[in-house]
Number of protein chains: 2
Amino acid sequence: MRLLKNNTSSKTNCDLSHCFLCSNSLPGWQSLIGANRKNLRYKKGATIFNEGEEANGMYFIYSGIVKVHRRWGNQKELIIRFGKAGDMLGYRGLGDEKKYTVSATAIEPVVICYVELAFFESLLQINHSLTYQLMQCYANELQNAEKKMSNLVHMNVKARVADTLLALQSQFGKSKEGNIDIALSRQDIAAFTGTTYETLFRTMQEFIQDKLIKISGKKIFVLKEKKLAELTQVQ
Amino acid sequence: MRLLKNNTSSKTNCDLSHCFLCSNSLPGWQSLIGANRKNLRYKKGATIFNEGEEANGMYFIYSGIVKVHRRWGNQKELIIRFGKAGDMLGYRGLGDEKKYTVSATAIEPVVICYVELAFFESLLQINHSLTYQLMQCYANELQNAEKKMSNLVHMNVKARVADTLLALQSQFGKSKEGNIDIALSRQDIAAFTGTTYETLFRTMQEFIQDKLIKISGKKIFVLKEKKLAELTQVQ
DNA sequence: TCAAAAACATGATATAAATCATACTTTTGC
DNA sequence: GCAAAAGTATGATTTATATCATGTTTTTGA
């Protein structure tokens with residue numbers, strides 16, 4: 001998926017060129033898209049949509065970070081993935097069931113480009129290339145999901161935490177300071193790893209002891225990437 | 001996905017009308033497809049493709065049952081899903097990486113309709129509806145994968161076994177006798193549930209004791225579907 | 001700006017499920 | 001048709017990880 005330059009002012013509207021939808025449509029269609037899209041703003045912690053709700057539209061992230069997650073009971077959750085500028089949300093609604101099967105929550109202020117499902121589907125009918133790109137995007141997501149599924153069953157927590165940190169660094173990159181360029185609560189890191197806060201905490205302490213990582217508040221520095229990668233391999 | 005009538009003679013070739021590829025193409029194209037497809041046969045236990053291998057083509061199941069799985073080390077595996085007549089394999093190869101990220105193995109004799117990836121991709125370029133159907137198929141698979149991922153983290157083994165049995169019955173239906181219409185080894189059921197053979201065995205014994213299911217060899221009879229379904233709910 | 005809530009930090013304890021061990025039975029290939 | 005391999009069956013033991021409990025610090029919003 002496409003990356004966006006670092007224009008995260010929450011005042012900005014989508015410029016009709018960077019999101020998944022626009023970048024996969026011919027320039028001539030942008031006025032049509034512009035006329036049918038809404039810009040939505042969410043503050044940190046706000047729900048974008050909830051699992052079980054009627055799927056009404058497609059959400060294209062213009063700026064900010066979103067977690068895509070599933071809840072269990074009212075204390076447990078699994079974070080399936082994080083979405084950032086250029087990513088798409090809600091498209092699972094295209095399946096047989098027109099309901100969201102996951103939830104999406106802003107973990108920092110987010111600007112969304114939103115279109116109604118009916119409009120999006122009509123775009124797919126006339127824009128072959130958009131459908132093809134969407135299909136490609138799914139193929140990748142499926143691979144990720146299948147890999148994650150397998151990791152959850154086969155890897156122990158230590159390996160999964162190592163994998164999580166490397167995945168976060170790969171998706172969000174490093175800041176100039178050198179830390180992974182995303183600020184997550186330990187709770188969210190645990191939910192992304194598929195473990196509890198306490199176990200995540202202890203595992204990270206172990207990594208700090210072993211000098212594999214370094215921590216300063218919410219800033220995480222990967223010190224020994226190779227060692228972490230080794231931990232994720234079958235022993 | 002589409003179901004096929006019970007014509008499982010391994011001598012039969014695909015009739016160019018039932019598989020995912022043919023049923024989503026206009027009749028006029030069938031001669032083109034016929035000229036480019038190969039019919040492949042696999043016996044029980046045979047590997048169709050292996051994770052890590054170069055992705056060379058698309059596989060459409062004409063008859064038989066296939067497991068799609070990922071290995072870990074050389075003793076552990078997770079079965080991601082089962083495929084039957086009308087289903088498709090190998091399409092993950094369309095993602096960024098042109099390698100299979102999962103393995104596919106025949107668990108009973110299988111007849112496959114095979115086309116080269118290049119041919120399939122050219123079909124996608126000219127057949128908009130095929131691309132759209134493929135995309136829809138992915139959307140469903142993604143929902144399944146995300147649900148399974150969440151189940152693996154949140155549900156205990158008992159709930160997962162109940163879920164597995166219901167899922168198998170829903171996918172493969174019941175025979176006239178009333179058992180789930182697929183013969184799997186306990187090992188495979190365990191791998192699909194994401195647990196070990198021993199734990200699966202004990203859990204099934206518990207279900208038999210509680211009269212939720214009944215067993216005769218590889219035939220599994222679901223006696224109390226509702227009770228099993230309750231076990232899968234958050235308590 | 002102050003109270004309440006969320007997040008962070010850690011030790012102690014419980015337990016679900018994996019692992020190990022062993023024997024019997026069925027299937028498969030030569 | 002028989003040997004080897006795969007699958008089935010079950011008890012005993014270990015262990016990784018969740019759960020519980022409690023206190024501190026930070027963030028948030030009224």
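Letters A, B, ... mirror the listed sequences (proteins, then strands); counts begin at 1. Below, all heavy atoms of this structure are taken into account, side chains as well, without hydrogens, waters or symmetry copies.
- For K44(A), a side-chain nitrogen or oxygen approaches OP1 or OP2 of dT28(D) to under 4.0 Å.
- Side-chain nitrogen and oxygen atoms of K76(B) include at least one within less than 4.0 Å of the OP1 or OP2 phosphate oxygen of dT19(C).
- In the set dA17(C), dC8(C), dG11(C), the nucleotide with an atom closest to the side chain of S185(A) is dC8(C).
- Separating the OH atom of Y197(A) from the C1' atom of dC8(C) is a distance of 4 Å, rounded to the nearest angstrom.
- Checked against dA12(D), dT17(D), dA17(C), the side chain of R202(B) finds its nearest nucleotide in dA12(D).
- In this structure, I107(B) places its CD1 atom 13 Å from P of dT28(C), rounding to the nearest Å.
- The nearest whole Å value for the distance from the CD1 atom in I208(B) to the P atom in dA9(D) is 8 Å.
- Checking R160(A) against K218(A), the closest nucleotide of DNA chain D that is more toward the 5' end is the one next to R160(A).
- Between T195(B) and dA17(C) there is no side-chain N or O to OP1 or OP2 distance below 4.0 Å.
- When each of E198(B) and K43(B) is assigned the nucleotide of DNA chain C bearing its nearest heavy atom, the one mapping closer to the 5' terminus is E198(B).
- The CG atom of L184(A) sits 17 Å away from the C1' atom of dT26(D) (whole-angstrom rounding).
- Taking atom CZ on F201(A) and atom C1' on dT19(D), their separation rounds to 17 Å, with Å as the unit.
- Rounding to the nearest 0.5 Å places OH of Y114(B) at 13.0 Å from CG of L21(B).
- As a whole-Å value, the separation of W72(A) CH2 from dT19(D) P is 13 Å.
- F49(B) and Y59(B) have tilted rings, their planes meeting at an angle from 30° to 60° on a 0 to 90° scale.
- Atom-to-atom, CG of L200(B) to P of dT19(C) comes out at 15 Å; the value is rounded to the nearest Å.
- Q187(A) contributes no side-chain N or O that forms a donor-acceptor pair with the base of dC8(C) under 3.5 Å.
- Ring geometry, H154(A) versus W72(B): the interplanar angle falls under 30°, so the pair is classed parallel (tilted spans 30 to 60°).
- Checking the phosphate oxygens (OP1, OP2) of dA18(C), a side-chain nitrogen or oxygen of T199(B) falls inside 4.0 Å.
- For dT25(D), its base never sits under 3.5 Å from the side chain of R186(A) at any donor and acceptor pair.
- Listed pair T196(A) / dA18(D) meets the phosphate criterion, a side-chain N or O lying under 4.0 Å from OP1 or OP2.
- In this structure, Q75(B) atom CD and dA5(D) atom C1' are separated by 13 Å, rounded to whole Å.
- Judged by the 6.0 Å distance and 45° axis criteria, K214(A) is positioned over the aromatic ring of F221(A).
- Within 6.0 Å of the CD atom in E225(A), the count of heavy atoms belonging to other residues, nucleotides or ligands does not exceed 12.
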